[in-house]
Asker: 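After the structure tokens below, expect a handful of questions from me.
Treat the numbers as computed from the prediction; the structure is a model and nothing was measured. Each residue takes its place number in the sequence, starting with 1.
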Amino acid sequence: MSIGRLRPAMRAYVLAVLAAGALMLVVTAELPDFGDIARAFLFAGVAAVGLLRPMYLSQKLKVTAEDVATFAAALVLAPFFAGVVAGTSTLLALRTSPGEPWGLRAFNAAVAAIGTIAAALMFGWLAGGGAIADNLVAVAAAGVTKYGLETSLVDVAVGLQLRRNPLPTWWRIHRRDLVPHAGLYLVGVLAAVMAAATPWAILAFIVPAAGLSVLLQERVRLGDRSQRAILELADRVDARDPYTRGHSQRTAVIAERLALRMGLDSSQVELIRLAARVHDIGKIATNDEVLLKRGPLDPLESREMHRHSELGAILLGQIPEFWEGASIVLAHHERPDGAGYPRGLRGDELSLEAAVVAVADAYDAMTSDRPYRKGMPWHQARAQLVQHGGTQWDARVVGALLDLIDEDQRRIEVALDRGARAS
């Protein structure tokens with residue numbers, strides 16, 4: 001995430017989070033004693049190691065064993081040192097990833113520091129200096145504070161970048177990682193109890209943290225199998241009609257190239273690619289007489305065909321690996337002028353991701369053969385895109401596609417010219 005490439009609102013938000021993290025460190029700063037320094041070094045080291053092997057529960061959702069050390073630090077150390085542990089360990093771990101933008105590293109470090117400092121303050125306020133084992137309510141409140149604050153800060157960033165409200169989707173996103181995080185926090189509580197007496201005891205909790213990571217990895221494998229099954233189903237839907245065989249795969253390739261061309265965030269690019277890959281999966285419930293009809297559809301048949309976007313969204317919304325793309329699938333036949341379906345969205349109500357899939361879908365449909373017409377040559381498809389850019393399709397995405405295809409055409413012409421000269 002290069003800060004200079006972010007949307008203005010997102011850029012302001014990232015800078016505000018960085019400033020808030022720095023301010024919290026300044027406000028809570030205090031002189032250390034030797035025990036605090038030793039524990040801080042150990043906590044930071046264990047946290048950095050835990051961050052090296054993240055477990056991805058979805059395309060953008062990951063869990064790491066780092067939470068064991070940072071939550072333990074929040075319960076044992078003063079707020080300032082707990083924040084230093086969280087922030088520095090995040091920077092150390094991300095530094096091992098060459099090419100990781102510094103803007104992303106700094107933002108993640110600030111989020112970790114803010115969440116951990118807030119957890120430490122919450123525990124200190126409720127526990128009043130008492131022992132961890134005697135203040136389980138304070139421990140629980142600290143865990144809720146850390147988890148809730150960190151996930152919310154990240155979700156707001158994603159919402160600003162994708163132009164969507166993060167509040168309605170918070171539960172749907174995080175319900176899958178509540179139990180894994182609770183398990184990591186529980187190990188962190190045990191580590192904190194031991195480390196409060198003996199700093200080196202934190203090292204003994206690397207093994208149980210690693211065991212939790214293995215369990216999470218198995219969960220990820222199950223998710224991968226679910227994803228492959230859905231993609232295979234999407235291919236089978238395309239294969240029902242020989243004229244649409246491979247359509248979703250081609251649409252996904254075009255949509256991904258478009259998203260990259262437009263400079264979208266890597267998470268957006270992957271979300272668009274997956275949504276394009278399954279955008280027609282709702283046609284599994286479309287009657288063969290309608291789906292395979294060799295001519296124009298009558299009004300009743302059109303209504304039947306139009307249901308596929310809603311049915312696809314309902315299906316994908318039940319599957320954790322695909323629910324984020326369900327809204328894109330639902331909207332891939334919407335239009336900027338409000339004449340699309342199923343909801344008649346207009347203008348900015350249509351997400352950029354759905355607009356990208358819509359243009360990629362239309363381009364492949366226009367240039368592919370159908371039983372009632374041959375695929376359009378590029379100049380005809382280009383004329384259609386130019387004519388309806390801004391009404392049927394998002395003008396920004398159309399412009400990106402025109403540039404992309406024109407560039408491909410020039411590259412082909414140059415290659416052909418070189419081949420002719422060589423012969």
Side-chain angles (χ1 to χ4, degrees), residues 24-25 28 30-55 63-90 92-93 111-151 177-216:
M24 290 183 75
L25 286 172
T28 58
E30 61 181 79
L31 293 175
D33 59 28
F34 179 77
D36 284 337
I37 294 175
R39 291 186 183 90
F41 269 110
L42 290 170
F43 283 132
V46 173
V49 171
L51 280 164
L52 295 179
R53 296 295 300 273
M55 301 294 112
V63 177
T64 63
E66 161 264 351
D67 282 302
V68 170
T70 55
F71 188 54
L75 300 179
V76 172
L77 301 178
F80 171 75
F81 296 108
V84 169
V85 166
T88 56
S89 62
T90 301
L92 286 172
V111 168
I114 290 171
T116 306
I117 290 174
L121 290 171
M122 177 63 72
F123 176 74
W125 176 54
L126 293 178
I132 295 172
D134 297 331
N135 291 276
L136 296 183
V137 172
V139 170
V144 170
T145 299
K146 177 175 168 62
Y147 180 80
L149 190 53
E150 291 179 5
T151 55
D177 71 336
L178 281 173
V179 172
H181 267 96
L184 292 170
Y185 283 6
L186 179 59
V187 176
V189 173
L190 299 176
V193 171
M194 298 294 293
T198 307
W200 292 101
I202 182 64
L203 298 178
F205 288 87
I206 293 178
V207 173
L212 278 174
S213 294
V214 171
L215 292 176
L216 291 173

Asker: Does the side chain of V76 reach to within under 4.5 Å of the side chain of I132, using non-hydrogen atoms?
Answerer: yes
Asker: To the nearest 0.5 Å, tell me how far T70 OG1 sits from I117 CD1.
Answerer: 12.0 Å
Asker: Apply the side chain to side chain contact (heavy atoms under 4.5 Å, CB included) test between V68 and each candidate in L184, L186, V189; give the one that qualifies.
Answerer: L184
Asker: So which heavy atom on E150 is nearest to which on A112, and how close?
Answerer: OE2-O, 3.6 Å
Asker: In a check of side chain to side chain contact (heavy atoms under 4.5 Å, CB included) between P79 and each of V84, L121, L25, which one passes?
Answerer: L121
Asker: Sorted by first residue and then second, give each side-chain hydrogen bond (donor to acceptor under 3.5 Å, both in side chains) pair with at least one member in residues 113-138; sequence neighbours left out.
Answerer: T116-K146
Asker: Is the shortest heavy-atom distance from the side chain of E30 to the side chain of F81 under 4.5 Å?
Answerer: yes
Asker: Which pair of heavy atoms, one from F123 and one from V139, lies closest together, and at what distance?
Answerer: CE1-CG2, 3.7 Å
Asker: At their closest point, which heavy atom of A82 faces which heavy atom of A120, and how far apart are they?
Answerer: CB-CB, 4.3 Å
Asker: For T145, give me all partners under side chain to side chain donor-acceptor pair (under 3.5 Å), at least two apart in sequence or on another chain.
Answerer: none
Asker: Mind checking what makes side-chain contact (heavy atoms from CB on, under 4.5 Å) contact with L126, not counting sequence neighbours?
Answerer: M122, A138, A141
Asker: How far apart are the closest heavy atoms of G115 and L149, and which atoms are they?
Answerer: CA-CD2, 4.1 Å
Asker: Any heavy-atom pair between the side chains of Y147 and L178 that's under 4.5 Å?
Answerer: yes
Asker: Using the six-membered ring wherever Trp is involved, compare the ring planes of Y185 and F71 and label them parallel, tilted or perpendicular (cut-offs 30° and 60°).
Answerer: parallel
